Amino acid sequence: MLILLLALAVALSLLAELAYGYLQERYTMRWVRAEVSEHHAIMRQLGRAR
C-alpha cells in the first residue's frame, strides 16, 4: 500500500511539474507577444513622424 501511495505521489509531482512548465511557457509567450506588438506600434508611429 505504501508503495502505491509513493508511486501516486511521484506521478502527481511529475504531472504538476509538467503543467507548471507549460503554464510558464504560455505566460512567457504572451508577454513576448505583447512586447512585440508594442514595439511594432512604436515603430509605426516613428515611421509616420519622419
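Reckoned from all heavy atoms, side chains included, excluding hydrogens, waters and symmetry mates. Predicted, not measured: the structure shown is a model, and the values here were computed from it.
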| message | More than 12 heavy atoms of other residues, nucleotides or ligands under 6.0 Å from CD of E25: yes or no? | response | no
| task | Please round to the nearest 0.5 Å and tell me the distance separating atom CD of E35 and atom CD of E38. | result | 5.5 Å
| task | Kindly compute the distance separating CG (L6) from CD1 (I3), expressed to the nearest 0.5 Å. | result | 8.0 Å
| said: Please check if the number of heavy atoms outside L23 that lie under 6.0 Å from its CG is greater than 12. | reply: yes
| query | For the atom pair CG (L8) and CG (L4), what is the distance rounded to the nearest 0.5 Å? | reply | 8.5 Å
| Is Q24 atom CD crowded by more than 12 heavy atoms from other residues, nucleotides or ligands, each under 6.0 Å away? | yes
